[in-house]
Amino acid sequence: GGFGSTTFDGEGRPTKVVKVVENGKFANWLSNQYYAKKMGLPDTHNSARSAKSEVGIAAHNFTIQGGVKSRDELLRIYPKVLLIDSWRGLHFGINQGSGDFSLPAEGEWYENGERKFAAVDFVVSGNFKLALLGIHAVGTSPKEIESSVICPDILFKSFSVAAMGA
C-alpha cells in the first residue's frame, strides 16, 4: 500500500485494484455506485467523501506502470510537443460529470525533441474520456506526482492550449 491506502471506500465497500491504463492504453474508468449505475459502468469501489462533501470518485493509490519509451523518445514522436511539468487548479477546473477540464499549467516546449523554451501561464482544455482514449505512448520511468499518485510521462495525441507565454 501507499499513503492513500484504505480498506474501504467512501460507501463502506472493500477497495480493490483497478487497472485504469494497461499496456499503454486506457482500460477502465474509476467509479462509485452512483456513477457506475448512471453510466452503465462496472462499480470499481472508488467512492470518496469527507465530512463536508458529497460522495465523489477518487483513487486511493493511483499508479500507472511504466511503458517502453524514454522521455527523449516520447519528445521526438511528434514534431512539436508541450511537456507539462505542473498543473494548477485541479480542485476547480474539472467538471466531474462530463469529464471536461480547463486547467492552468506550466511546462516546456519541444520541437523535434529539442527544448525550445519554458512555457508559462497557459491553459490546457479537453475532456478526460477523449484524453485517455488518446494516449499515444507511456514513458519508462514512473515517478511520484503526489503522495498517493505515481505516474510516468504520458504522451497524448492532442489537447487544446491557449495563451501560452514564454
Side-chain angles (χ1 to χ4, degrees), residues 3-4 9-10 18-22 24-42 44 46-50 52-65 67 69 71 74-111 113 115-139 142-166:
F3 288 115
D9 76 351
V18 179
K19 293 186 178 188
V20 176
V21 176
E22 193 168 17
K25 298 292 180 190
F26 174 72
N28 291 297
W29 298 105
L30 298 181
S31 64
N32 60 17
Q33 286 181 3
Y34 173 78
Y35 279 105
K37 184 176 180 181
K38 181 176 181 175
M39 299 177 77
L41 298 170
T44 62
N46 283 95
S47 176
R49 73 170 72 209
S50 71
K52 295 181 178 181
S53 71
E54 297 179 16
V55 175
I57 300 169
H60 307 294
N61 282 309
F62 194 80
T63 303
I64 296 177
Q65 300 299 315
K69 296 197 180 288
R71 176 178 276 188
L74 292 176
L75 293 171
R76 293 183 185 284
I77 290 175
Y78 294 117
K80 296 179 181 180
V81 175
L82 177 59
L83 175 67
I84 298 174
D85 292 325
S86 65
W87 298 93
R88 297 187 311 269
L90 289 173
H91 58 285
F92 66 84
I94 301 170
N95 181 319
Q96 291 185 3
S98 69
D100 292 338
F101 65 89
S102 182
L103 299 166
E106 294 183 353
E108 301 172 24
W109 183 260
Y110 286 79
E111 293 181 11
R115 185 185 181 278
K116 294 298 181 179
F117 57 86
V120 296
D121 297 328
F122 61 92
V123 175
V124 178
S125 300
N127 178 279
F128 277 112
K129 177 180 180 182
L130 297 177
L132 291 171
L133 294 172
I135 292 174
H136 184 103
V138 178
K143 54 196 155 290
E144 187 174 302
I145 307 296
E146 293 180 17
S147 62
S148 64
V149 179
I150 298 172
C151 180
D153 294 322
I154 299 176
L155 180 64
F156 295 93
K157 291 180 183 173
S158 69
F159 282 116
S160 295
V161 178
M164 184 166 58

TODO: Would you name the heavy atoms of A59 and L30 that are closest together and state the gap between them?
DONE: CB-CD1, 3.8 Å
Open item on the list: If you compare all heavy atoms of F122 against all heavy atoms of G107, which two are closest, and at what distance to 0.1 Å?
Closed with: CE2-N, 3.7 Å
Open item on the list: So does S31 get a backbone contact from the side chain of T44, meaning a donor-acceptor N/O pair under 3.5 Å?
Closed with: yes
- [ ] Could you tell me which non-hydrogen atom of A105 sits nearest to which non-hydrogen atom of W87, and how far apart they are?
- [x] CB-CE3, 4.1 Å
Open item on the list: Could you tell me if the side chain of V124 sits less than 4.5 Å from the side chain of F101, heavy atoms only?
Closed with: yes
Task: Inter-residue atom distance N28.CG - L41.CG, 0.5 Å rounding - done: 9.0 Å
Task: Minimal non-hydrogen separation, S102 against S125, with atom names - done: OG-OG, 3.3 Å
Open item on the list: For the NZ atom on K19, are there more than 12 heavy atoms of other groups (residues, nucleotides or ligands in this structure) within a distance under 6.0 Å?
Closed with: no
Distance-only donor-acceptor hits, side chain of residues 74-83, under 3.5 Å, sequence neighbours excluded:
| from | atom 1 | to | atom 2 | distance (Å) |
| --- | --- | --- | --- | --- |
| R76 | NH1 | N112 | O | 2.9 |
| Y78 | OH | H136 | ND1 | 2.9 |

TODO: Would you check if the side chain of N32 reaches a backbone N or O of S47 as a donor-acceptor pair within less than 3.5 Å?
DONE: no
Open item on the list: To the nearest 0.5 Å, what is the distance between CG on N127 and CG on N95?
Closed with: 9.5 Å
TODO: Return yes if some donor-acceptor pair links the side-chain N/O of R88 with the main-chain N/O of P104 below 3.5 Å, else return no.
DONE: no
- [ ] Please check if atom NZ in K37 has more than 12 non-hydrogen atoms from other residues, nucleotides or ligands closer than 6.0 Å.
- [x] no
TODO: Work out which heavy atom in I135 is nearest to a heavy atom in V138; give both atom names and the distance.
DONE: CG2-CG2, 4.1 Å
TODO: Show your working on side-chain contact (heavy atoms from CB on, under 4.5 Å) between W29 and I57 and close with a plain yes or no.
DONE: CA-CA 10 Å; W29 298 105; I57 300 169; over 6 Å; no
Open item on the list: If I take atom CG from residue D85 and atom CD from residue E108, how far apart are they, to the nearest 0.5 angstrom?
Closed with: 5.0 Å
Open item on the list: If you define the side chain from C-beta out and look only at heavy atoms, does anything of I64 sit under 4.5 Å from V20?
Closed with: no
Task: Nearest-0.5 Å distance that lies between atom SG in C151 and atom CG in D153 - done: 8.0 Å
